[in-house]
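Heads up: the structure comes next, in structure tokens.
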Amino acid sequence: MHKALPNTFIFLDKFDSQIFENNNTNIGIIYRNYCNRNVEKDLIQIAKKCKIKRFKLYIANNIKLAIKVKANGIYIPAFNKNKRFANHEKKGLTIIGSAHNQKEIQQKILQNCSAIFLAPIFQVKKKKDYLNIHKFNSLARTNRTNFLALGGISKSNISKLKILHIKGFGGISFFQKKNRPFYRPAF
């Protein structure tokens, strides 16, 4: 049985005190830092704040680190095709992943992901292609799993999330802007 997932996810690559000023407890923090080899100092600080604020913490691609900081789960990016994550729910870790197309969705289902970020939903600077609302909903309804929206979410299009077949959403740059009010989705 899967544990309840937050409906808002924030991707971090370093500690950001502004994120922890929010009083909403239905937030998941996904720590993914692929550049820095010495991530433990930041991660320990993030884990302490998550515990205080009752945010759920997910660590990208590192089971040992997730267990060490007592994270709630692991996050498997779309590029990670490894099946070694599939049995870690037995250790109390929730597995979430990301995908961009049907083939990657099937891969994440095989990896036992409780939820899958389907991205990018809207146009983003670093990618030419994006799903759009219709293709997103088509993929979400075709597959029996929990989907989360990710990619290109902004103040001007966040209201469109209500017409998607999703359990929540995630953001990277959306939450990095100063004085950004937190969106409380009605999923």
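The chain is numbered in sequence order, starting from 1.
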Just how far is it from atom [atom1] of [X] to atom [atom2] of [Y], taken to the nearest 0.5 Å?
| X | Y | atom1 | atom2 | result |
| --- | --- | --- | --- | --- |
| Leu131 | Asp129 | CG | CG | 9.0 Å |
| Gln18 | Ile10 | CD | CD1 | 9.0 Å |
| Ile59 | Leu57 | CD1 | CG | 4.0 Å |
| Asn146 | His165 | CG | NE2 | 8.5 Å |
| Ile46 | Ile30 | CD1 | CD1 | 12.0 Å |
| Phe117 | Phe169 | CZ | CZ | 10.0 Å |

What heavy-atom pair brings [X] and [Y] nearest, and what distance separates the two atoms?
| X | Y | answer |
| --- | --- | --- |
| Gly151 | Ile121 | O-CG2, 3.1 Å |
| Cys50 | Ile29 | SG-CG1, 3.7 Å |
| Asn61 | Ile76 | OD1-CA, 4.4 Å |
| Asn26 | Pro6 | OD1-CA, 2.9 Å |
| Gln102 | Gln106 | NE2-NE2, 2.8 Å |
| Ile74 | Ile63 | CD1-CG1, 4.0 Å |

Please tell me whether Asn80 and Gln107 have a donor and an acceptor in their side chains that are separated by less than 3.5 angstrom.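 No donor-acceptor contact under 3.5 Å links the two side chains.
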Donor on one side chain, acceptor on other, Lys108 and Gln111, under 3.5 Å: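 The criterion, which ignores hydrogens and geometry beyond distance, is satisfied for Gln111 and Lys108.
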Evaluate whether atom [atom1] of [X] has more than 12 neighbouring non-hydrogen atoms of other residues, nucleotides or ligands under 6.0 angstrom away.
| X | atom1 | answer |
| --- | --- | --- |
| Tyr130 | OH | no |
| Arg144 | CZ | no |
| Lys53 | NZ | yes |
| Lys70 | NZ | no |

Quick one: which of Tyr75, Phe9, Tyr31 gives a ring-ring contact (aromatic ring centres under 6.0 Å, His included) with Tyr58?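 The residue from Tyr75, Phe9, Tyr31 that satisfies ring-ring contact (aromatic ring centres under 6.0 Å, His included) with Tyr58 turns out to be Phe9.
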Do the side chains of [Y] and [X] get nearer than 4.5 Å, heavy atoms only?
| X | Y | result |
| --- | --- | --- |
| Thr94 | Asn72 | no |
| Cys113 | Ile96 | no |
| Phe122 | Leu161 | yes |
| Thr142 | Leu139 | no |
| Leu164 | Asn137 | yes |
| Ile172 | Arg32 | yes |
| Lys14 | Val39 | no |

[Y] backbone acceptor or donor facing [X] side chain under 3.5 Å:
| X | Y | value |
| --- | --- | --- |
| Asn7 | Lys167 | no |
| Asn157 | Ser154 | yes |
| Asn33 | Asp13 | yes |
| Ser98 | Ala78 | yes |

What is the ring orientation for Phe55 with Phe20, classed by angle as parallel under 30°, tilted 30 to 60°, or perpendicular over 60°?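 Ring orientation of Phe55 relative to Phe20: parallel.
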Indicate if Ile52 and Ile44 have the same hydrophobic cluster label, given that clusters are the connected sets of ILVMFWY residues with side-chain heavy-atom separations under 4.5 angstrom.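 No; Ile44 is not reachable from Ile52 via cluster members.
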Hey, quick one: are Val124 and Ile158 part of the same hydrophobic cluster, counting side-chain heavy atoms closer than 4.5 Å, chains of contacts allowed?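 Per the 4.5 Å side-chain linkage, Val124 and Ile158 are not co-clustered.
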